[in-house]
Amino acid sequence: MGKNRDLVFDTCQPEKELAFTQEEFDARLTRIRARMDHDGLDMLWLMSPESLYYVSGYTCIWYQAQSPRSWPATSGIAIHRDHDRFILFDTPSEAIMCRYVTCARDVRIFPMGGRRDGLSFVIDELTSEGWLSGGKVGLELHSYRPNPVISRRFEDAFAGAGMTIADGTDLIRELRWIKSPAEIACLEEAARITDIGLQAARDAIRPGVTELDVQAEMNYAMGKAGGEAAGLVLPVTSGAKANCGHAMPGRRVIQAGEQVNLDISGVYNRYHANAGRSFYVGEPPRDVLEYHKLSSGVFDVIDGVLRPGLRVADLVRATRAYYDEVGIWSDAGWVGGYELGLAFPPDWVGHFVYEMSDTDSDRVFEPGTVVNFESQFFAPRLSGITYYIDMLLFKTDGASRPLGFQPELVILDA
């Protein structure tokens, strides 16, 4: 190796950039190992960005999600239920990064000769540790990382070492359902950033600007406020496109007399606070305005039942009864919600989802849980979906909708 490279690899130590304390990470590892014991898993092999971050603080801009075949995604974290440490495996390219973005005490870097494909190195190291001496290993079989071909390679390698393969996808996802106070603080800060993005969108939307202009202003304002890149491209849809829920923003020019919808998440330490809002450029037709009031009126109902320990079924029944009462249910697009929290591209939709059919669900919104609620209905005159999404945050001392930018049709000057 060259002397410059030796110097970097041996001595370079940027300042630590960890969002949480060591005590927080230790508590997570303890809960994971307890759940492994409950599920009968001897080892857990983790490769999804969310799991790597949750366990160690690991963040990166590139996870080899769609890489060339000669650059397979083989980095990851191994956890054994009998050991109070985990092992982080990564490529030489990320050796310096692992020193300052993770709390890992045991980092093992692939040898330079096999820097892109570390699978055999991982197996050899875990074998020498005695972590592959029979038993059951859990893999994240429902994660996009690694892709199916690489996943099968790991399955075959672990099986060849004498391990039984199990699906460990949900283990950490379910543990993440209850957020710690430190995570809740991140979500509250993310909500503040979301409000800034919403205000920036309100200021930007006017005749003659493009959807991409509006998206750029939202991203700029949130970035200036300390926000990070969201797990999804932030959609901005106008005119007839406002009838689409997941369309990409484009170069279409916004015009007077049109509805504009946006879906936004402020992000702080990778924790997402989600909101959806509808805007109208100019005075909306009366029937359109009244319809939006009916859709957004559901949040008054939610405020009336919101409390720690609220049953999912009770929320569903109360909101569905409201929609039936005001007579708009037959025009429903999608109504319900999902867990919010830790997320990396390409998604911010959490593990738990509830819908209006969940009238008998026994799930409870315990203190430490955070979800959104989406009220999407097709409004008159093909004007667009009523795009109202708000965040529900449950704490020990109460529950709230922490976003200040209220879910109602925003009427803008044309």
Side-chain angles (χ1 to χ4, degrees), residues 190-225 227 230 232-266 273-300 326 328 331 333-334 372-391 401-414:
R192 183 189 70 85
I193 294 168
T194 301
D195 276 329
I196 290 171
L198 288 167
Q199 185 60 51
R202 177 176 185 155
D203 295 342
I205 297 171
R206 60 185 181 274
V209 304
T210 69
E211 296 166 345
L212 285 170
D213 289 332
V214 177
Q215 183 202 47
E217 293 298 327
M218 289 193 299
N219 283 328
Y220 177 76
M222 291 192 293
K224 290 285 286 184
L232 289 168
V233 172
L234 303 185
V236 179
T237 56
S238 62
K241 286 175 63 177
N243 288 286
C244 303
H246 301 131
M248 294 279 281
R251 298 175 184 85
R252 185 184 186 279
V253 176
I254 295 170
Q255 303 174 36
E258 290 184 342
Q259 182 174 315
V260 181
N261 287 342
L262 57 90
D263 195 349
I264 181 173
S265 272
N274 182 223
R277 297 293 185 267
S278 292
F279 302 79
Y280 206 91
V281 185
E283 192 65 31
R286 180 175 295 276
D287 57 345
V288 171
L289 176 59
E290 292 303 316
Y291 198 92
H292 276 264
K293 289 181 179 178
L294 296 177
S295 176
S296 62
V298 74
F299 290 100
D300 292 333
V326 300
I328 64 173
D331 285 321
W334 190 74
N372 70 0
F373 186 93
E374 304 200 8
S375 184
Q376 298 184 26
F377 290 80
F378 291 97
R381 302 174 185 263
L382 301 176
S383 57
I385 300 171
T386 66
Y387 214 68
Y388 299 113
I389 305 172
D390 219 43
M391 178 178 171
R401 293 190 291 115
L403 293 168
F405 200 107
Q406 290 304 301
E408 59 189 8
L409 183 64
V410 179
I411 302 173
L412 303 172
D413 292 337

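Quick note: numbers below take in every heavy atom, side chains included, and nothing from hydrogens, waters or symmetry partners. All of these numbers come straight from a predicted model, not from anything done at the bench.
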How long is the span from the OG atom in S295 to the CD1 atom in I328, to the nearest 0.5 Å?
-> 5.0 Å
Heavy atoms only: give me the nearest A242-S383 pair and the separation to one decimal.
-> CB-O, 3.9 Å
Which atom names give the shortest non-hydrogen contact between T210 and G250, and what distance separates them?
-> CB-O, 4.0 Å
Applying salt bridge (charged side-chain N to carboxylate O under 4.0 Å, His left out), name anything that partners E290, two or more places apart in sequence or on another chain.
-> K293
For the ring-ring contact (aromatic ring centres under 6.0 Å, His included) test, which of Y387, Y280, Y388 pairs with H292?
-> Y388
Test side chain to side chain donor-acceptor pair (under 3.5 Å) applied to E211 and S238, step by step = CA-CA 7 Å; E211 296 166 345; S238 62; 2.8 Å; yes
Minimum heavy-atom separation for V233 to P249, with atom names?
-> CG1-CD, 4.0 Å
Residues at least two apart in sequence or cross-chain that pass salt bridge (charged side-chain N to carboxylate O under 4.0 Å, His left out) with R206, listed by chain then number, are none
Is there side-chain contact between D331 and Y291, with heavy atoms separated by less than 4.5 Å?
-> yes
Side-chain touch I385/W334, heavy atoms, less than 4.5 angstrom | no
Can you list the residues that meet the salt bridge (charged side-chain N to carboxylate O under 4.0 Å, His left out) rule with D203, with sequence neighbours excluded?
-> none
Closest approach of K241 to A247 (non-hydrogen atoms, all atoms of both residues) = CE-CB, 4.5 Å
Take L198 and L262 through the test side-chain contact (heavy atoms from CB on, under 4.5 Å) and record every step on the way to the result.
-> CA-CA 9 Å; L198 288 167; L262 57 90; 3.7 Å; yes
Quick one: closest heavy-atom pair of A273 and T194, and the distance?
-> O-OG1, 2.8 Å
Does the side chain of P407 reach to within under 4.5 Å of the side chain of R401, using non-hydrogen atoms?
-> yes
F405 and R202, any side-chain heavy atoms less than 4.5 Å apart | yes
Pairs involving residues 274-286, ordered by first then second residue, that meet salt bridge (Lys or Arg N to Asp or Glu O under 4.0 Å) (sequence neighbours left out) = R277-D390
To the nearest 0.5 angstrom, please state how far the OG1 atom of T386 sits from the CG atom of L294.
-> 9.5 Å
Among all residues two or more places apart in sequence or in another chain, which pass the salt bridge (charged side-chain N to carboxylate O under 4.0 Å, His left out) test with R252?
-> E258
Once you round to the nearest 0.5 Å, how far does CG of N243 lie from CD of Q376?
-> 11.5 Å
Got M391 and N274 here, is their nearest side-chain heavy-atom distance under 4.5 Å?
-> no
Are V260 and V214 side-chain neighbours, meaning at least one heavy-atom pair lies under 4.5 Å?
-> no
Any side-chain heavy atom of P235 sitting closer than 4.5 Å to one from N261?
-> no
Does a sphere of radius 6.0 Å around CG in L382 hold more than 12 heavy atoms from other residues, nucleotides or ligands, not counting ones at 6.0 Å or beyond?
-> no
Kindly list each side-chain donor-acceptor pair under 3.5 angstrom involving residues 215-223, sequence neighbours excluded, with atom names and distances?
{"residue": "Q215", "atom": "NE2", "partner": "L234", "partner atom": "O", "Å": "3.3"}
{"residue": "N219", "atom": "ND2", "partner": "Q215", "partner atom": "O", "Å": "3.4"}

Spacing of E408 atom CD and F299 atom CZ [to the nearest 0.5 Å] | 11.5 Å
Got L232 and S265 here, is their nearest side-chain heavy-atom distance under 4.5 Å?
-> no
Scanning both residues in full, the closest heavy-atom pair of I411 with G282 reads CG2-O, 3.3 Å
